[in-house]
Amino acid sequence: MAKQDDIALMAHLMRRAGFGASRDELEARVAKGYEATVEELLNPESQPPVDPYALLRYQPAALLPGGQPPMGNVNYMYYLVTTKRPLQEKMALFWHHVFATGNSKVDNYDQLLEQIEIFRNNGMGNYRDLLLKMARNPTMIFWLDNNQNHGNAVNENWGRELLELFSLGAGNYTEKDVREASRAFTGWTFETKIPRLPYGRFPWKFEYRPEDHDDGEKEFLGHRGHLNGEDIIDIIAQQPACARFVCRHLYNFFVADEPQVPAWSLEPPRDPAALDAMAKTLRDSKYEIVPVLRMLFNSDFFKNARNKHLKSPAEVVVGTLRLVGGYDIPKPGYGELSMQPSYMGQDLLNPPSVEGWHTGSEWINSGSLMARINFVAEQLGDQSLPGVQAIIGRLKAQGTLSPEKLVTACLDLLGPVEVNSDTRKELTDQAKQWGQLSWDSVPNAQTAARRATEMMQLIVATREFQFA
Amino acid sequence: MPLTTVSNGRTYDWSYAVGRAAATGTGFNYPQTMCLGNDGDIFVANRGNENNFGQRVNRVKLGKPGEEELLAEFFQWGEGDGKSHWPFGVAVDSNNNVFVSDEWNNTISVFHGNGTFIRQFGKTGSNDGELLRPAGLAFDKNDHLIVVDSGNNRLQAFTNDGKFLAKYGKAGSGDGEFNQPWGITLDSAGNMYVADWKNHRVQKLSPKGEFLMKIGEYGVVPAASDAFAVTYLGPYISTTPPAEYPKAGVLNHPTDVAVDTDGDIYIADWGNHRISIFDASGHPITNLMGDAQVMSKWGQQSIDANPDMMKALRRVRNLEPQWRFCFPTAVEFNPKTDEIIVADSQRNRLQIYKKVRDYVDFQANL
């Protein structure tokens with residue numbers, strides 16, 4: 001029998017490095033060990049990939065969904081819900097937060113999904129290489145107008161966001177650097193694509209046009225020469241600010257909520273020592289991502305950060321669907337299901353701007369909170385779902401449940417969720433109205449199962465449940 | 001790709017394309033299967049999407065290039081008689097009545113050829129006569145309906161009015177066993193050819209369901225490292241394809257099969273984006289990769305009505321991605337015209353080839 005502390009720590013790791021885990025999985029992982037689990041997560045190739053062919057057999061419109069939701073969301077949600085490589089998928093979501101690119105302008109979920117696939121395949125690789133892939137990614141080029149960045153007419157959109165939001169952060173470069181970086185990326189564009197009519201969507205292809213590139217001398221962050229785009233990325237990677245910027249994103253995503261990105265030049269990090277250590281690891285490894293993730297997940301600052309992160313809508317929805325089970329086939333209604341994060345304020349594949357989503361407490365308002373609670377409560381109230389049945393089975397195995405025991409067991413099996421004494425008292429007061437629950441007859445067992453799901457529905461409505 | 005493919009004494013000539021992406025009207029929406037009617041019209045079962053449009057069966061009159069005509073549409077999304085959630089298999093009986101499977105509702109619906117609903121049968125389950133995710137359909141010479149009962153990994157035979165007759169096969173990867181099969185066809189002797197989707201092969205069974213032969217083995221057509229991915233799952237376009245391309249004999253999630261009057265076998269090699277052709281004994285002959293260099297009639301109408309599309313099209317450097325199959329799901333052979341009809345699912349069109357019997361290569365220095 002695994003110790004409760006070990007279960008709680010493993011649950012913490014799996015919520016952050018993945019999208020949660022069932023109690024069976026947590027117990028198996030505790031038996032395997034914490035560090036061994038971290039290593040397995042860091043080596044996604046040890047687990048099978050998502051089967052895209054099953055998705056396309058049942059929902060063929062998810063491959064080239066065009067600009068109208070929800071088929072693009074169906075594709076993405078299917079990967080999130082069925083992956084056996086949770087950290088790989090979590091890192092893809094992380095980079096989607098950082099390199100935020102949206103359907104509102106791109107008008108083509110196909111190419112946003114292609115970008116997610118780049119994150120999936122390269123998100124645990126080398127940051128500098130990923131940055132270069134983004135610079136060459138036609139979806140990013142269109143999103144930030146680099147196709148309108150010409151040798152004789154510079155457009156600074158990509159050059160500015162590259163420095164401000166993708167690598168260094170405000171305060172670590174000058175307006176002249178923005179201009180020079182933009183000049184260096186002139187001529188980085190894409191070929192005209194086959195139009196959507198009459199046979200559906202086709203992709204772009206990156207193209208470098210030397211005749212449209214400004215090959216003149218430039219000075220960028222103290223480096224002078226006939227700089228091209230790749231030179232700019234190499235110079236960026238040499239800046240100490242770059243590793244700190246990437247690591248602050250990682251800290252915010254995996255450890256504890258930080259202020260929003262525009263405030264980073266004004267507000268100090270929550271844990272400067274942790275950030276220093278992470279940035280050093282990233283620099284020492286020449287921007288390989290896996291070493292810094294290994295250091296992060298094995299650190300005390302991570303292990304002590306339980307419940308210091310407000311779950312994003314994607315974490316709420318995906319975590320719930322993986323917990324309750326029954327969504328292996330993208331069945332009818334999957335479209336509505338895959339739009340649930342949007343209703344909670346996180347429209348996947350369509351962030352509000354290039355700055356990405358504001359995280360932490362900004363996820364919560366009266367509408368989004370109700371959407372969260374209603375969604376999770378509805379899923380946990382469905383006793384036909386295998387994950388709900390598994391929870392009820394574990395409760396049943398505990399025998400007759402006093403009100404106190406019911407509350408404790410449900411809190412445990414939903415997380416463990418750690419609640420304060422006031423919340424526990426309110427939950428217990430409700431359970432006392434139901435009295436003792438037993439499983440000794442069919443009607444009693446039905447009543448006990450119903451009360452158990454109702455208790456879980458109350459728990460997911462608590463403040464504490466919103467944290468991971 | 002050449003418009004005419006010559007290989008092993010056979011010649012296949014690309015003829016024309018029919019269709020365009022359309023959730024209703026003249027065009028298709030992710031065809032899953034199709035079936036030739038007794039009069040040569042084609043019935044196409046379209047899967048649609050999660051916005052609940054596009055689902056339907058459409059009946060299209062074929063002819064010479066440009067003569068296609070939409071005759072009927074039915075089995076759209078909805079609840080109740082004659083409506084669908086996940087249309088999948090389609091087959092036509094000797095009276096030209098159309099039978100369509102619904103993979104979600106686990107039912108078979110029957111329509112007159114004009115789309116008028118007649119009746120429905122089928123019940124969810126795994127007992128005799130019950131269905132779980134019914135996929136491809138076909139009729140034998142006795143007008144018995146053969147259902148690819150995909151979720152139960154078996155075939156079931158029914159009378160024309162839905163009475164259970166027999167079942168063949170079980171879950172597994174051995175001879176006569178299935179793993180989520182998809183399409184089915186019968187040859188003139190009544191032998192059944194089943195696209196054993198997740199076992200990456202086609203199995204040939206006798207009219208009594210005995211295993212006779214299997215064709216193909218799992219394999220992915222290689223892509224050059226510099227290839228252009230038309231989708232993130234292919235097809236891949238390259239001017240320098242790898243030496244072993246296009247690797248005959250391997251299949252990646254085959255979805256359908258057809259047999260011509262010579263016994264040659266056409267397999268929709270869905271995951272490899274091609275039609276793989278085998279001879280009657282299962283030896284690979286060649287592959288058709290998709291060659292739609294000429295716009296379909298309805299496709300041209302879309303472009304004519306949207307000049308910006310034509311402007312863009314004229315600036316495209318390489319149109320090959322538009323010619324090629326993208327997840328072809330279904331293949332039919334029309335014995336009256338020697339046409340090979342391919343449902344090019346992600347491109348929402350049919351591509352039609354002709355098996356040429358009298359092809360002569362002019363022996364002169366052209």
Side-chain angles (χ1 to χ4, degrees), chain A residues 50-66 68-75 77-79 109-118 120-121 138 190-207 329-339, chain B residues 17 19-22 27 29-32 47-52 54 85-86 103-104 133 180 182 197-198 228-233 252-253 255 270-271 292 295-296 298-303 305-306 308-313 315-319 321-322 326-327 329 344-349:
Chain A
V50 168
D51 179 4
Y53 297 109
L55 170 66
L56 296 188
R57 172 170 182 147
Y58 299 109
Q59 297 280 8
L63 180 66
L64 300 170
Q68 188 183 11
M71 292 315 299
N73 307 71
V74 167
N75 184 312
M77 187 58 69
Y78 179 76
Y79 278 80
Y109 282 102
D110 320 14
Q111 304 214 243
L112 293 156
L113 291 167
E114 181 201 60
Q115 198 185 69
I116 298 292
E117 185 74 0
I118 294 173
R120 204 172 272 140
N121 294 335
F190 46 74
E191 289 182 17
T192 302
K193 67 154 83 169
I194 298 172
R196 67 182 75 168
L197 293 182
Y199 298 134
R201 303 283 187 144
F202 289 86
W204 277 304
K205 185 178 182 187
F206 173 75
E207 180 184 24
I329 287 181
K331 54 194 177 185
Y334 215 89
E336 182 63 16
L337 211 57
S338 61
M339 294 307 291
Chain B
R20 59 181 167 182
N29 202 262
Y30 307 103
Q32 293 286 83
R47 174 49 67 93
N49 65 27
E50 277 285 297
N51 285 315
N52 303 329
H85 283 97
W86 274 1
E103 195 186 9
W104 183 248
R133 298 203 294 279
Q180 300 183 38
W182 185 310
W197 186 69
K198 222 171 177 178
F228 176 60
V230 179
T231 80
Y232 70 94
L233 297 169
N252 180 5
H253 294 86
T255 50
W270 184 69
M295 197 64 80
S296 70
W298 298 335
Q300 189 62 48
Q301 288 168 354
S302 290
I303 288 184
N306 293 275
D308 286 341
M309 298 292 164
M310 179 51 89
K311 277 172 71 179
L313 200 62
R315 296 199 307 273
V316 174
R317 213 170 284 167
N318 180 7
L319 285 168
Q322 187 171 257
C326 190
F327 287 100
T329 45
D344 189 5
S345 182
Q346 290 289 337
R347 294 290 161 225
N348 299 298
R349 66 185 168 196

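Excluded from the calculations below are hydrogen atoms, water molecules and symmetry mates; all remaining heavy atoms, backbone and side chain alike, are included. Treat the numbers as computed from the prediction; the structure is a model and nothing was measured. Each chain gets a letter, A, B and so on, in the order the sequences are listed, and its residues count up from 1.
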Interchain contact, [X] with chain A, by part (heavy-atom threshold 4.5 Å):
X: B:W182; answer: both
X: B:L313; answer: both
X: B:A17; answer: side chain
X: B:S296; answer: both
X: B:N306; answer: side chain
X: B:N318; answer: backbone
X: B:Q301; answer: neither
X: B:M310; answer: neither
X: B:K311; answer: neither

Quick one: of [options], who has the most non-hydrogen atom pairs under 4.5 Å with chain B?
options: A:S338, A:P65, A:P60, A:A62; value: A:P60
options: A:A54, A:P332, A:A61, A:P70; value: A:P332
options: A:Y58, A:Y199, A:Y334; value: A:Y199

Would you mind checking which part of [X] comes under 4.5 Å of any heavy atom in chain B, side chain (CB onward), backbone (N, CA, C, O), both or neither?
X: A:R201; answer: backbone
X: A:N75; answer: side chain
X: A:E117; answer: side chain
X: A:P330; answer: backbone
X: A:I329; answer: side chain

Please determine, among [options], the option with the most heavy-atom pairs under 4.5 Å with chain A.
options: B:N348, B:I303, B:T231; value: B:T231
options: B:H85, B:R20, B:Q300, B:Q346; value: B:Q346
options: B:S345, B:A22, B:G48, B:A312; value: B:A312
options: B:D308, B:N29, B:N49; value: B:N49

Which pair of non-hydrogen atoms, one from [X] and one from [Y], has the smallest distance, and what is that distance?
X: A:W204; Y: B:F228; answer: O-CE1, 3.4 Å
X: A:E114; Y: A:P203; answer: OE2-CB, 4.4 Å
X: A:I194; Y: B:P321; answer: CD1-CB, 3.9 Å

Sort out for me which residue in B:R47, B:Q32, B:R133 forms a side-chain hydrogen bond (donor to acceptor under 3.5 Å, both in side chains) with B:E103. B:R47
Salt bridge (charged side-chain N to carboxylate O under 4.0 Å, His left out) evaluation trace for B:K198 with A:D51: CA-CA 11 Å; B:K198 222 171 177 178; A:D51 179 4; 3.6 Å; yes
Can you tell if the side chain of A:K193 reaches within under 4.5 Å of the side chain of A:Q111, non-hydrogen atoms only? yes
Got a sec, which residues hit side-chain contact (heavy atoms from CB on, under 4.5 Å) with B:D344, two or more places apart in sequence or on another chain? B:F325, B:C326, B:R347, B:R349, B:Q351
B:W270-A:Y53 aromatic ring centre distance below 6.0 Å: yes
Donor-acceptor pair, side chain of [X] and main chain of [Y], under 3.5 angstrom:
X: A:E191; Y: A:E207; result: no
X: A:T192; Y: B:V316; result: no
X: B:N51; Y: A:P69; result: yes

What do the steps show when you test A:L55 against A:L63 for side chain to side chain contact (heavy atoms under 4.5 Å, CB included), and what is the final call? CA-CA 9 Å; A:L55 170 66; A:L63 180 66; over 6 Å; no
What do you reckon, is NZ of A:K331 surrounded by more than 12 foreign heavy atoms closer than 6.0 Å? yes
